[in-house]
There are 2 protein chains.
Amino acid sequence: MNVTIKDVAKRANVAPSTVSRVIADSPRISEKTKRKVREAMKELGYHPNFIARSLANQSSQVIGIVMPSSTDQALQNPFFPEVIRGISKAAHEKKYALQMSTGEKESEIYEGVIEMLQGRRVDGVILLYSRTNDKLMKYLQKNRFPFVVIGKPHQMAEQITHVDNDNYRAAKEATQYLVELGHKRIAFVGGNISYLVTVDRLLGYEAALKEAGLPYRQEYIMHEEFLKEGGQEAMKELLSLREPPTALVVADDLMALGVLNTLDEMNVRVPEDISIVSFNNTLLAELSRPPLTSVDIHIFQLGYEAAKSLIEKIANPNEPVKRIIIPHQLMKRFSCDDDQMK
Amino acid sequence: MNVTIKDVAKRANVAPSTVSRVIADSPRISEKTKRKVREAMKELGYHPNFIARSLANQSSQVIGIVMPSSTDQALQNPFFPEVIRGISKAAHEKKYALQMSTGEKESEIYEGVIEMLQGRRVDGVILLYSRTNDKLMKYLQKNRFPFVVIGKPHQMAEQITHVDNDNYRAAKEATQYLVELGHKRIAFVGGNISYLVTVDRLLGYEAALKEAGLPYRQEYIMHEEFLKEGGQEAMKELLSLREPPTALVVADDLMALGVLNTLDEMNVRVPEDISIVSFNNTLLAELSRPPLTSVDIHIFQLGYEAAKSLIEKIANPNEPVKRIIIPHQLMKRFSCDDDQMK
DNA sequence: TTGTATGCGTTATCAA
DNA sequence: TTGATAACGCATACAA
């Protein structure tokens, strides 16, 4: 079989426990035997068995990543690779490994996450989404498993460590930007309302309208289940209104791409006929035509901070609850204009 | 602490080994005691400890996913979420968990993967890329770890199970499509040439030109390191040629998006002035403007088959080497035209 | 500073 | 059909 701590011990003429201590770099071992043992490890090509270590330690040094259910087509969104990149960076730095939830339906994911936690495969999890009345979140809280949410928890946000943007302010500022450009008829195209991020951005949008003394019109609020088809429907609806909007706040770059696509088909020009501010500032915003003015929410950092917080929480379960707000920034490109106001 | 097999055993008045057999649904246990034990498990809220099981079994039931180094910005590409979705599906079906490589630089990933294999955290790995002279692939082969490659291995492809498209034919057909539209000056915009997929697509492109009796021009071959900047450079170069191309074969949707963006900035119309065929048929192809004619390579299926093959290989190390070719299909949209030929 | 013995939660072998 | 017991590879309390 594989070379174990015992083989190394024999080779170095020490006890297995000594080898174990050398691996942990215990200060109670003399430099001389450390050298001797390390040499033996090299010679034999020893690699520690994480599984055995996990069992002895009662800790796996693995973080679980919980994706939203892939029936929400959300996964197509460049948001996820980018958060995961952030998580991966922090995990790598702290020598944690990464495990992902599998399953497509919400219930499958729920079961899977419980198994990976109860089965001790992971020491804690990061939820890459936050929605209203999430069963999993309640379970985690009740069973006191270490977890961190990316986004704002629906309930008891004060008791749950989470990493989020100030989506309310971000949306408010984005809307204000359009107001400053002279727009008075601004519509909101958001994602599924059960996601908290949608709610916050909608509220920010509303607040900006109110402050600007603009009327809030129900018919200007759109919630796409998804991209292409939904986007088409929504835009048709918006443009067929007696007073169609001259500007859109779109809650996501990918969604905005769908909107752009639909507008193009309908021969509506951006930004000449209609202006768009979008969110996330993914690569798509840069690559779309026209390049999208988009709110950079620093996705990578969301992931990075989430992983760091989780690792702290795992190390110290009494770590106080944290709320980390990642700053945002409006990236101006070419999807906004005041021409249609002139 | 947590409820273990022993607790269940006590509660059900049986030996721990009996409980273990009930978990495995051994036929040598009477229905009666099975019921009794299962009831005890329910009552106590028992969950099996995977770590302990892994140690006893010498198998983790976890698959490792190896990403390309994120210094290759490739991760931004929707290709990855989609393969992973496919892998995830197969893994879930076979009750395998998924672990991801971390690290940014190639060397970090290399070390990480070795640790996760030697540390017995995973039973095998899937490489999501294939490049020339890959150190990791050699290591895996030499140490006889179960692995599967998505793409075509550089060397000894007959000895390595891999899942791939027929990229040569796909590119040939894509190019032929442009030839049939009447194009005679067709350029190739590919990714990093050290990736095998780029090589294959380039060869297919060349073959189509040859068959059509069109000259192969070195100045028509572009290799982008990445998107925006590279795309700009390349397009400028191509368009400043004495005889600029009237059509492009672009090796990837995301890259094509960059090309479209650049062309737009330069006021070149697609497809009126220049036609584009792209690859992968990700959501981007649908959402770009104009929607891209793109070769669907069935990314999900690539992942799905890769995971299934790996799991078979783990179960039976003597499983013969396989090469699975996933079919492709040209999806015609609106980025190609013969207008510029008229 | 190092060695011995025990436990982590399972599975599997051998008896009964 | 079931039970006792020894692995699996490592960490650690306790001895020396």
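Residue numbering restarts at 1 for every chain, and letters A, B, ... go by the order of the sequence lines.
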Visitor: Give every residue pair that meets the salt bridge (charged side-chain N to carboxylate O under 4.0 Å, His left out) criterion with at least one member in residues 309-318 of chain B, sequence neighbours excluded.
Guide: Glu312(B)-Lys322(B)

Visitor: Rounded to the nearest Å, what distance is computed from the CD atom of residue Gln61(A) to the C1' atom of nucleotide dC10(D)?
Guide: 14 Å

Visitor: Take the protein atom CG of Asn2(B) and the nucleotide atom C1' of dG9(C), then report the distance between them rounded to whole Å.
Guide: 11 Å

Visitor: Do any pairs count as a salt bridge (charged side-chain N to carboxylate O under 4.0 Å, His left out) and have a residue in residues 43-70 of chain B, sequence neighbours left out, and if so which ones?
Guide: Arg11(B)-Glu43(B)

Visitor: In residues 107-117 of chain A, what donor-acceptor pairs under 3.5 Å come from side-chain atoms, sequence neighbours left out?
Guide:
residue, atom, partner, partner atom, Å
Glu108(A), OE1, Glu104(A), N, 2.7
Glu108(A), OE1, Lys105(A), N, 3.3

Visitor: At what angle, to 10 degrees, do the two end axes of the helix from dT1(C)-dA16(D) to dA16(C)-dT1(D) meet, given five pairs define each axis?
Guide: 40°

Visitor: Who passes salt bridge (Lys or Arg N to Asp or Glu O under 4.0 Å) against Asp123(B), sequence neighbours left out?
Guide: none

Visitor: Under the salt bridge (charged side-chain N to carboxylate O under 4.0 Å, His left out) definition, can you give me all pairs with a residue in residues 142-156 of chain A, not counting sequence neighbours?
Guide: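 Counting only pairs at least two positions apart or across chains, the salt bridge (charged side-chain N to carboxylate O under 4.0 Å, His left out) contacts touching residues 142-156 of chain A are Lys152(A)-Asp200(A).
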
Visitor: Side-chain N or O of Arg53(A) versus OP1/OP2 of dA11(D): is the shortest distance under 4.0 Å?
Guide: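 Yes.
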
Visitor: For Tyr46(A), report the nucleic acid contact type (base, sugar-phosphate, nothing); a contact means any heavy atom under 4.0 Å.
Guide: sugar-phosphate

Visitor: Report which part of the nucleic acid Val19(A) touches: base, sugar-phosphate, or nothing (heavy-atom distance under 4.0 Å, all strands).
Guide: nothing

Visitor: Can you sort out which residues in residues 29-36 of chain B have a heavy atom within less than 4.0 Å of DNA chain D? Ascending by number, please.
Guide: Ile29(B), Ser30(B), Thr33(B)

Visitor: dC8(C) P sits how many Å from Asn49(B) CG, rounded?
Guide: 12 Å

Visitor: Which side chain to side chain donor-acceptor pair (under 3.5 Å) pairs, counting each pair once, include a residue from residues 298-307 of chain B, with sequence neighbours left out?
Guide: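 Found Glu93(B)-Tyr304(B).
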
Visitor: To the nearest Å, how far apart are Leu55(A) CG and dT6(C) P?
Guide: 18 Å

Visitor: It should be established whether Gln58(B) places a side-chain nitrogen or oxygen under 4.0 Å from OP1 or OP2 of nucleotide dT10(C).
Guide: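 No, because none of the side-chain N or O atoms of Gln58(B) sits under 4.0 Å from OP1 or OP2 of dT10(C).
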
Visitor: To the nearest Å, give me how far apart NZ (Lys6(B)) and P (dG9(C)) are.
Guide: 7 Å

Visitor: What residues, two or more places apart in sequence or in another chain, satisfy salt bridge (Lys or Arg N to Asp or Glu O under 4.0 Å) together with Arg323(A)?
Guide: none

Visitor: Partners of Arg21(A) by salt bridge (Lys or Arg N to Asp or Glu O under 4.0 Å), sequence neighbours excluded?
Guide: none

Visitor: Any side-chain N or O of Ser20(B) under 4.0 Å from OP1/OP2 of dT11(C)?
Guide: yes

Visitor: Could you give the CG-to-C1' distance, from Asp7(B) to dT10(C), as a whole number of Å?
Guide: 13 Å

Visitor: Quick one: list whatever passes salt bridge (Lys or Arg N to Asp or Glu O under 4.0 Å) with Glu39(A), sequence neighbours left out.
Guide: none

Visitor: Which residue lies toward the 5' end of DNA chain C, Pro16(B) or Ala15(A), if each is placed at its nearest nucleotide?
Guide: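 Nearer the 5' end of the strand: Ala15(A).
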
Visitor: Of the non-hydrogen atoms in Pro16(A) and Lys6(A), which two are nearest, and what is the gap between them?
Guide: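 Heavy-atom minimum between the residues: CG-CG, 4.2 Å.
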
Visitor: If we ignore angles and hydrogens, is there a donor and acceptor under 3.5 Å between the side chains of Asp134(B) and Tyr129(B)?
Guide: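 The answer is yes; a qualifying pair exists.
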
Visitor: Shorter than 3.5 Å, N or O on both sides, protein versus nucleotides 14-16 of chain C: list them out with atom names.
Guide:
none

Visitor: Would you say the side chain of Ser17(A) and the base of dA11(D) hold a donor-acceptor pair, judged only by whether the two atoms sit under 3.5 Å apart?
Guide: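 For Ser17(A), whose side chain was compared with the base of dA11(D), there is no donor-acceptor pair (under 3.5 Å).
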
Visitor: Rounded to the nearest Å, what distance is computed from the CG atom of residue Asp25(A) to the P atom of nucleotide dT2(C)?
Guide: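 Atom CG in Asp25(A) sits about 13 Å away from atom P in dT2(C).
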
Visitor: Any donor and acceptor pair, going by atom type alone, linking the side chain of Thr33(B) with main-chain N or O of Lys36(B) inside 3.5 Å?
Guide: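 No.
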
Visitor: To the nearest angstrom, how far is Glu115(B) atom CD from dC10(D) atom P?
Guide: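 To the nearest whole Å, that distance equals 13 Å.
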
